[in-house]
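Before any comments, here is the structure.
We count ligands from 1, going down the list as the structure has it; atoms in each ligand are counted the same way. Residue numbers start at 1 and run along the sequence shown. On a predicted model such as this, the values are computed, not experimentally measured, just so you know.
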Amino acid sequence: MSDAYQPQAAHKFSFGLWTISNRGRDPFGEPVRDPLPPNDAVAMLGELGAWGVNLHDNDLVPIDATATERDTIVREFKAAMRDHGVVCPMATVSLFTDPIFKDGAFTANDPQVRAYAIQKTMSAMDLGAELGASTFVLWGGREGTETDACRRPDDAVKRLRDAVNYLCEYNIAQGYQYRFAMEAKPNEPRGDIYMATTGNYLGFIPTLDHPEMVGVNPEVAHETMAGLNFTHAVAQAWDAGKLFHIDLNDQNPGRYDQDFRFGAANPRAAFFLVKFLEDVGYDGPRHFDAHAYRTEDYEGVKAFARGCMRTYLILKEKAARWNADPEIQAIVKAAHGDNAPVGRFSADAARELANRTFDRKTIAARGLAYEQLDQLTTEIILGVR
Ligand code: XLS
Ligand code: MG
Ligand code: MG
């Protein structure tokens, strides 16, 4: 059944293997769904109309697989991708599941753990390159602490820098042409994670040896957990030319990492996010890093995945409607002013500015009609306009 909200390859919707294969395990409860083999997950994504599948190394290849087992798994996975018309735009590495990473990976105190983390990431880069991935995500889930007695936090930053520099060199040496996308999160699974927000990474990236190779992968849930405005973080990343990837899902502020279906918790925030991405012409993957409620069987998982894509497309349509609405645009035009800078500094210009008279009270007294603008926006979102 095709309709206006039917996903197409051009929409670049992707899902992590770990998202639709999520079995509903949580800290208090066992899995509720049977394992979904990776090739079946690819078939499901093809059936749903998704464009891409992303993966951690061990979502596909078990950590203890032999080289022969690995090659067979990869060969069959590539065949499944081909058969179901699904590509692999992004790969990443699990530096958080295995117990060796209990004290961190790139930032761990034990140099053997740090070396193993780099070795594991190089193998994951090999795997992703073989599958055709052009973005490599690094989420440092264990790069943090429960107690800051364990190390100086600036040592952790230095170790992280060393690791990313090493991986950039590997990228060059292998000719992979990956762009790395660093993903921030404030906490969970660690009590505190060092790189807590996208902004932290935007400050870190210019300190690297190859800053042009490294950008960010902001995730709705992660900034929202911290009570931050996600679209503002995305906008800053975009402005810096660093929005290399994005993780879409939903989340209520101040909670554990909920990873809800896109738009499920705050459709209004999702609207402003989609509007931003579409307005600026972001053309990277729209990756859903979310999972179905624990109440669901695999039919529910399909409903979840369809819902993520459908909600994105509905909000995209609403953003276009907002942009085309004459009443809304009239308020925007009257209220927004423009982006004209105050002007270049010069001694003369500064003297002129110092002597200019501003009618402060009149300017301040003017109503901006944002109440009306917001209500019109709400009516578009609620579907009556
Ligand atoms: C966890 C992260 C994780 C990364 C990939 O919260 O979102 O899924 O996106 O390792
Ligand atoms: Mg997450
Ligand atoms: Mg994520």
(request) May I ask you to identify, for Asp247, whether its side chain, its backbone, both or neither come under 4.0 Å of ligand 1 on a heavy-atom basis? (result) side chain
(message) With nothing but distance in play, are any N or O atoms of Asp257 less than 3.5 Å from an N or O of ligand 1?
(response) yes
(request) Answer with yes or no whether the side chains of Thr145 and Asp148 bring together a donor and an acceptor at under 3.5 Å. (result) yes
(request) Would you tell me whether Asn249 and Asp259 have side-chain atoms, one donor and one acceptor, within less than 3.5 Å of each other? (result) yes
(request) Assess the side chains of Asp250 and Asn266: does a donor N or O sit below 3.5 Å from an acceptor N or O? (result) no
(message) Need the ligand 1 atom indices (1-based, order shown) with element for anything under 4.0 Å from a heavy-atom of Lys185.
(response) 1 (C), 6 (O)
(request) Mark yes or no: Arg142 above the aromatic ring of Phe101, with NZ or CZ under 6.0 Å from the six-membered ring centre and no more than 45 degrees from the axis. (result) no
(request) Any chance you could lay out the salt bridge (charged side-chain N to carboxylate O under 4.0 Å, His left out) test for Arg161 and Asp154, step after step, and finish with the verdict? (result) CA-CA 11 Å; Arg161 181 181 302 116; Asp154 58 332; over 6 Å; no
(request) List, by chain and then residue number, the residues other than Val87 in its hydrophobic cluster (Ile/Leu/Val/Met/Phe/Trp/Tyr, side-chain heavy atoms under 4.5 Å); write none if there are no others. (result) Trp51
(request) Identify the protein heavy atom lying closest to atom 8 (O) of ligand 1, giving its residue, its atom name and the separation to 0.1 Å. (result) Asp289 OD2, 2.9 Å
(request) Name the closest protein heavy atom to atom 5 (C) of ligand 1, giving the residue it belongs to and the distance to 0.1 Å. (result) His56 NE2, 3.3 Å
(request) Just let me know how Glu188 lines up against ligand 1, side chain, backbone, both or neither, with a heavy-atom cut-off below 4.0 Å. (result) neither
(message) If we count only N and O atoms by modelled type, under 3.5 Å, do the side chains of Gln375 and Glu371 hold a donor and an acceptor together?
(response) no
(request) Show your working on ring-ring contact (aromatic ring centres under 6.0 Å, His included) between His245 and Tyr282 and close with a plain yes or no. (result) CA-CA 9 Å; His245 201 262; Tyr282 167 77; 8.3 Å; no
(message) Pairs of nitrogen or oxygen atoms closer than 3.5 Å, one from Thr92 and one from ligand 1: do any exist?
(response) no
(message) We want to know whether Ser134 and Gln177 form a side-chain donor-acceptor pair, criterion being a heavy-atom distance below 3.5 angstrom.
(response) no
(message) So that I can tick it off, tell me whether Glu146 and Lys102 are bridged by a salt bridge, with the cut-off set at under 4.0 angstrom between side-chain N and carboxylate O.
(response) no
(message) I need the protein N, O or S atoms closer than 2.8 Å to the Mg ion (ligand 3), given as residue plus atom name.
(response) Glu183 OE2, Glu219 OE1, Asp247 OD2, Asp289 OD2
(message) What I want to know is whether Trp139 and ligand 1 share at least one N or O pair that is separated by under 3.5 angstrom.
(response) no
(message) Between ligand 1 and Glu183, is the shortest N or O to N or O distance under 3.5 Å?
(response) yes
